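Here's the structure we're looking at; comments come further down.
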Amino acid sequence: MTSRSRSSANASLWNRGFTLVELLVAITIMAGATAWALPRLNHKIQQGKVDTYTQNIETGLFSLMARVRRSSKYCTLFESNPAHNQYADPNSTLELGKINTSLHDQLINCPCSSTSKNCSTPFRFLHRENTKEAELVQVLISRKKYGLSPQGTNPEGEELIMRIRSKDWNQNQQVLTRCIVISGNGHLFKGTWNYQMNQSSPTACKRFCSVGGNCNG
């Protein structure tokens with residue numbers, strides 16, 4: 001076959017394009033890849049929102065406990081707690097900027113004199129309020145009327161547990177529920193909640209639960 005003949009044959013094959021069968025095979029492969037990838041992408045997005053909000057709470061609580069110690073005052077948290085042992089919107093419990101004044105002191109009451117430098121701004125739970133993650137998570141708080149002493153401890157030696165999960169958790173329990181514990185002696189840590197353990201015990205907040213594992217049971 002001459003060079004011109006080969007070129008003509010290649011051009012003919014190129015111009016022929018894809019057959020219907022080839023197009024259907026390509027579409028099937030793309031659809032399968034999309035069906036496989038979308039749930040995993042959605043899972044990562046939801047988990048990221050839960051983890052970001054958990055980090056926001058943890059940072060805020062560290063700051064709160066440090067301020068309580070500096071102010072040398074006794075602080076009462078969650079005297080009125082709509083999220084006591086049930087999941088609720090954080091806008092009703094932690095996002096204090098969205099709560100009216102009469103409810104504010106029932107959720108976080110840290111009395112300070114007007115001359116105290118440590119009280120120039122209100123005490124709060126969160127490092128940042130009004131984030132987009134707040135609309136996508138639910139929070140459960142284990143106790144009502146939890147006290148923090150000037151030493152950063154609980155006078156009764158009790159722990160406070162917060163659990164944070166996706167609003168879509170009932171439809172997708174593969175998204176891990178995170179948790180934060182303040183122990184009676186003032187030690188604060190976060191982890192992953194294990195639903196298979198005693199639901200009232202801080203030991204259900206597993207500090208070293210694998211991010212890739214399913215601790216929801």
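Quantities reported herein were computed from a predicted structural model and do not represent experimental measurements.
- Residues L103 and I108 share a single hydrophobic cluster, defined by chaining ILVMFWY side chains whose heavy atoms lie under 4.5 Å apart.
- Annotation for T93 and F125: closest pair O-CE1, 3.6 Å, computed over non-hydrogen atoms.
- At distances below 3.5 Å, not a single donor-acceptor pair connects side-chain atoms of Q138 with backbone N or O atoms of P90.
- The two atoms that bring V50 and R165 nearest to each other are CG2-C, 3.8 Å, heavy atoms only.
- A heavy-atom distance below 4.5 Å is not found between the side chains of T177 and T192.
- The shortest distance between side-chain heavy atoms of R178 and Q47 falls below 4.5 Å.
- Nearest approach of N91 to A134, heavy atoms of both residues: OD1-CB, 4.4 Å.
- Among all heavy-atom pairs drawn from G191 and C205, the shortest one is N-SG, 3.6 Å.
- Using a 4.5 Å heavy-atom cutoff, the side chains of Y74 and P111 are not in contact.
- A side-chain N or O of S149 and one of Q151 form a donor-acceptor pair less than 3.5 Å apart.
- Judged purely by atom type and a 3.5 angstrom limit, S142 uses its side chain to pair as donor or acceptor with the backbone of I161.
- Salt bridge R143/E159: present, at least one basic N to carboxylate O contact under 4.0 Å.
- With hydrogens and angles left out, the side-chain atoms of Y53 and T131 include no donor and acceptor closer than 3.5 Å.
- Cluster membership check: W169 shares its hydrophobic cluster with W193, using side-chain heavy-atom separations under 4.5 Å among Ile, Leu, Val, Met, Phe, Trp and Tyr.
- Using a 4.5 Å cut-off on side-chain heavy atoms (C-beta onward), L140 and N85 make contact.
- Residues in residues 66-104 take part in these disulfide bond (SG atoms under 2.5 Å apart) pairs, two or more places apart or across chains: C75-C110.
- By the rule that hydrophobic residues join a cluster once side-chain heavy atoms approach within less than 4.5 Å of another member, L188 and F78 end up as members of one cluster.
- Using a 4.5 Å cut-off on side-chain heavy atoms (C-beta onward), N130 and K98 make contact.
- Of the inter-residue distances, the one linking Q106 atom CD with L77 atom CG reads 13.5 Å to the nearest 0.5 angstrom.
- No side-chain N or O of Q55 forms a donor-acceptor pair with one of D51 less than 3.5 Å apart.
- Rounding to the nearest 0.5 Å places NZ of K190 at 11.5 Å from CG of L61.
- A donor-acceptor contact shorter than 3.5 Å is absent between the side chain of R69 and the backbone of S72.
- Of all non-hydrogen atoms in H127 and R124, the two that sit nearest each other are O-NH2, 3.0 Å.
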>> Working note: K73 + V68, criterion side chain to side chain contact (heavy atoms under 4.5 Å, CB included); need CA distance, chi angles, decisive distance, verdict.
In response: CA-CA 6 Å; K73 298 290 183 179; V68 170; over 6 Å; no

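- S166 and D168 are not linked by any side-chain donor-acceptor pair at a separation below 3.5 angstrom, with hydrogens and angles left out of the test.
- Both L126 and F62 belong to a single network of hydrophobic side chains, linked directly or stepwise wherever heavy atoms of I, L, V, M, F, W or Y lie under 4.5 Å apart.
- Side-chain contact between V139 and L94 is present, with at least one heavy-atom pair separated by less than 4.5 Å.
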> For I141 and Y146, what are the C-alpha separation, side-chain angles and deciding distance, and is it a side chain to side chain contact (heavy atoms under 4.5 Å, CB included)?
Replying inline: CA-CA 10 Å; I141 300 166; Y146 186 79; over 6 Å; no

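- Looking at T59, its side chain never comes within 3.5 Å of a backbone N or O of N56 through a donor-acceptor pair.
- In the model, K167 has no side-chain atom that pairs as donor or acceptor with a side-chain atom of Q46 under 3.5 Å.
- Looking at K49 and V175, their side chains never come closer than 4.5 Å, going by heavy atoms from C-beta outward.
- Here the straight-line distance linking atom CD of E156 with atom NZ of K145 works out to 10.0 Å at 0.5 Å rounding.
- If you chain together hydrophobic residues whose side chains sit under 4.5 Å apart, L96 and I57 fall into the same group.
- Between the side chains of E58 and T54, not a single donor N or O lies within less than 3.5 Å of an accepting N or O.
- To the nearest 0.5 Å, the span separating CG on D89 from CD on E95 amounts to 8.5 Å.
- With respect to the salt-bridge test (charged N to carboxylate O, under 4.0 angstrom), the residues E79 and K144 do not qualify.
- One N or O on the side chain of N154 and one on the backbone of E158 form a donor-acceptor pair closer than 3.5 Å.
- Atom CG of residue L148 and atom OG of residue S71 lie 10.0 Å apart, to the nearest 0.5 angstrom.
- A donor-acceptor contact shorter than 3.5 Å is absent between the side chain of Q174 and the backbone of H43.
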>> For I180 and L160: C-alpha separation, side-chain torsions, deciding distance, then whether side chain to side chain contact (heavy atoms under 4.5 Å, CB included) applies.
In response: CA-CA 8 Å; I180 295 176; L160 176 69; over 6 Å; no

